[in-house]
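Per chain, numbering begins at 1; letters A, B, ... match sequence-line order.
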There are 2 protein chains.
Amino acid sequence: MKLTSKGRYAVMALVDLARFDNINPVSLRDISLRQGISLDYLEQIFSKLRKKEIVQSVRGTQGGYVLNRKAKDIKLTNIFDAVDEKVKTVQCKKESKKGCNGKSTKCLTHNLWDELENHINNFFKEKSLEDLVKDNSERRL
Amino acid sequence: MKLTSKGRYAVMALVDLARFDNINPVSLRDISLRQGISLDYLEQIFSKLRKKEIVQSVRGTQGGYVLNRKAKDIKLTNIFDAVDEKVKTVQCKKESKKGCNGKSTKCLTHNLWDELENHINNFFKEKSLEDLVKDNSERRL
DNA sequence: TATAAACCTGACTAAAATAGTCAAGTATCA
DNA sequence: TGATACTTGACTATTTTAGTCAGGTTTATA
């Protein structure tokens, strides 16, 4: 059970962006350098973020990206959703809800995995980008 | 971010075992048939569970496995630990705690991943095998 | 004591997912 | 008109997962 680096990078990049986007758009090149993430990979990630309207792009020289909403209105769940980072505990979700592949005896633990998914997703729904930026500036020396 | 089937199967198998082990040891063959998990794979999993003293084996004809402790003393975290199902959010754990690969600016989000790990692990520490068995018998029609 | 049931171990592998790289653009500002 | 920066899609090496397979050993019971 692990987080993919795509999800992790997306959050890191957005925290970085949120800290610097007060005045000008932030270029991916800057984020790449500051966060040590490959530029090509960042482009892939921001393409998804843009499609989900989490960021806006500004083209041309001095261009870059800006947040499309207030930091406090961007939750982790929005970010993970955008880059396809999902919490998956069981395969049997798509099937009929009761049956679990037809055999009702099979999923003794189905309830458990649902609870677990909810538990994790709740965490993601509560945390906003603003929380992360604040938390970070407070920890600053 | 997903649960591996090894972790999932381990829990499923142990819930099954916990329900049937009152009198006789439960054979993997029975669990395999009831839960639809390959016998070979179950053996792999139970080998790990036995090493961590979660179950005991009984050899010979009529042999099988029994729980090594009370169901309420077996937590999900013990099971996942036994089969190497770990919650991993970042790679930078093994390095020096502060540095995060040396660059202190890098991990703007380090705190977050720690929180997330704790959040998930707390869930695993609270849930016991007994909870699952109870939950299941209550849902029974 | 033979034998079958069941445990035990380790090596092997196909398939899927991940974590990127690479190439070839297009748009816009200075 | 050139430099900067976004945009897109295809491609690939590596790693992980989810098992299978083969060849044992142990022990209850007939």
**Student:** B/Tyr65 side chain: which of C/dC7, D/dG19, C/dT18 is closest?
**Tutor:** C/dC7
**Student:** A/Gln56 CD to D/dT7 P: how many Å, rounded?
**Tutor:** 11 Å
**Student:** With distance as the sole test, does B/Asn78 use its side chain to make a donor-acceptor pair with the main-chain N or O of B/Ile74 at under 3.5 Å?
**Tutor:** no
**Student:** Step by step, would you call A/Tyr9 with A/Gln35 a side-chain contact (heavy atoms from CB on, under 4.5 Å)?
**Tutor:** CA-CA 9 Å; A/Tyr9 286 167; A/Gln35 303 302 325; over 6 Å; no
**Student:** Supply the atom-to-atom distance A/Leu76 CG to A/Asp81 CG, rounded to the nearest 0.5 angstrom.
**Tutor:** 12.0 Å
**Student:** Do you know which two heavy atoms are closest between A/Leu39 and A/Arg29, and how far apart they sit?
**Tutor:** CD1-N, 3.8 Å
**Student:** For B/Val83 versus B/Gly7, what's the shortest heavy-atom pair and its separation?
**Tutor:** CG2-CA, 4.0 Å
**Student:** Can you check whether B/Ser57 has a side-chain N or O nearer than 4.0 Å to OP1 or OP2 of C/dC8?
**Tutor:** yes
**Student:** Send over the distance from A/Met1 CE to C/dT18 P, rounded to a whole Å.
**Tutor:** 13 Å
**Student:** To the closest 0.5 Å, what do you measure between CZ (B/Phe124) and NZ (B/Lys127)?
**Tutor:** 11.5 Å
**Student:** Rounded to the nearest Å, what distance is computed from the CG atom of residue B/Leu33 to the C1' atom of nucleotide C/dA5?
**Tutor:** 14 Å
**Student:** Whole angstrom is fine here: how far is it from CZ in A/Arg8 over to C1' in C/dG20?
**Tutor:** 13 Å
**Student:** With nearest nucleotides of DNA chain C determined for A/Lys6 and A/Asp40 from heavy-atom distances, which residue corresponds to the more 5′ nucleotide?
**Tutor:** A/Lys6
**Student:** Any side-chain N or O of B/Ser38 under 4.0 Å from OP1/OP2 of D/dT20?
**Tutor:** yes
**Student:** Can you list everything that forms a side-chain hydrogen bond (donor to acceptor under 3.5 Å, both in side chains) with B/Ser128? Sequence neighbours excluded, please.
**Tutor:** B/Asp131
**Student:** Starting from P on C/dA5, measure out to CG on B/Asn24 and report it in whole angstrom.
**Tutor:** 17 Å
**Student:** Work out which heavy atom in B/Val15 is nearest to a heavy atom in A/Thr109; give both atom names and the distance.
**Tutor:** CG2-CG2, 3.9 Å
**Student:** When you measure from the side-chain N and O atoms of B/Tyr9 to the phosphate of D/dG19, is any distance below 4.0 Å, counting only OP1 and OP2?
**Tutor:** yes
**Student:** Near DNA chain D, under 4.0 Å by heavy atom, which residues of residues 73-85 of chain B?
**Tutor:** none
**Student:** Applying side-chain hydrogen bond (donor to acceptor under 3.5 Å, both in side chains), name anything that partners A/Thr77, two or more places apart in sequence or on another chain.
**Tutor:** none
**Student:** Would you say B/Ser27's side chain and B/Asp30's backbone share a donor-acceptor pair under 3.5 angstrom?
**Tutor:** yes
**Student:** Is the side chain of B/Asp16 donor-acceptor paired with the backbone N or O of B/Met12 at a distance under 3.5 Å, no angle test?
**Tutor:** no
**Student:** Give the rounded distance in Å between these two atoms: OH of A/Tyr41 and P of D/dA10.
**Tutor:** 18 Å
**Student:** Could you state the NZ-C1' distance from B/Lys2 to C/dA16, rounded to the nearest angstrom?
**Tutor:** 7 Å
**Student:** Can you figure out which of D/dC6, C/dT18, C/dA6 approaches the side chain of B/Arg29 most closely?
**Tutor:** C/dA6
**Student:** Mind running a 4.0 Å heavy-atom check of residues 45-53 of chain A against DNA chain D and sending the residues that fall below it, in number order?
**Tutor:** A/Ser47, A/Arg50
**Student:** For the side chain of A/Leu28, starting at C-beta, report the closest nucleotide among D/dC6, C/dT21, C/dC7.
**Tutor:** D/dC6
**Student:** The side chain of A/Glu43 lies closest to which of these nucleotides: C/dG20, D/dC6, D/dA18?
**Tutor:** D/dC6
**Student:** Using only side-chain N and O atoms of B/Ser27, determine if any of them is under 4.0 Å from OP1 or OP2 of C/dC7.
**Tutor:** no
**Student:** List, one per line, each side-chain donor-acceptor pair under 3.5 Å for residues 42-69 of chain B, sequence neighbours excluded.
**Tutor:**
| residue | atom | partner | partner atom | Å |
| --- | --- | --- | --- | --- |
| B/Gln44 | OE1 | B/Lys6 | NZ | 3.4 |
| B/Lys48 | NZ | B/Asp84 | OD2 | 3.1 |
| B/Asn68 | ND2 | B/Glu53 | O | 3.0 |
| B/Arg69 | NH1 | B/Asp73 | O | 3.1 |

**Student:** Test for a donor-acceptor pair under 3.5 Å between the base of C/dT21 and the side chain of A/Gln44, counting only N and O atoms.
**Tutor:** yes
**Student:** Strictly under 3.5 Å: I want the nitrogen or oxygen pairs between protein and nucleotides 28-30 of chain D, one per line.
**Tutor:**
| residue | atom | partner | partner atom | Å |
| --- | --- | --- | --- | --- |
| D/dA28 | N3 | B/Thr61 | OG1 | 3.4 |

**Student:** Calculate the interatomic distance between A/Leu3 atom CG and C/dA19 atom P; express it in whole Å.
**Tutor:** 9 Å
**Student:** Just by distance, do the side chain of B/Arg8 and the backbone of A/Thr89 share a donor-acceptor pair under 3.5 Å?
**Tutor:** yes
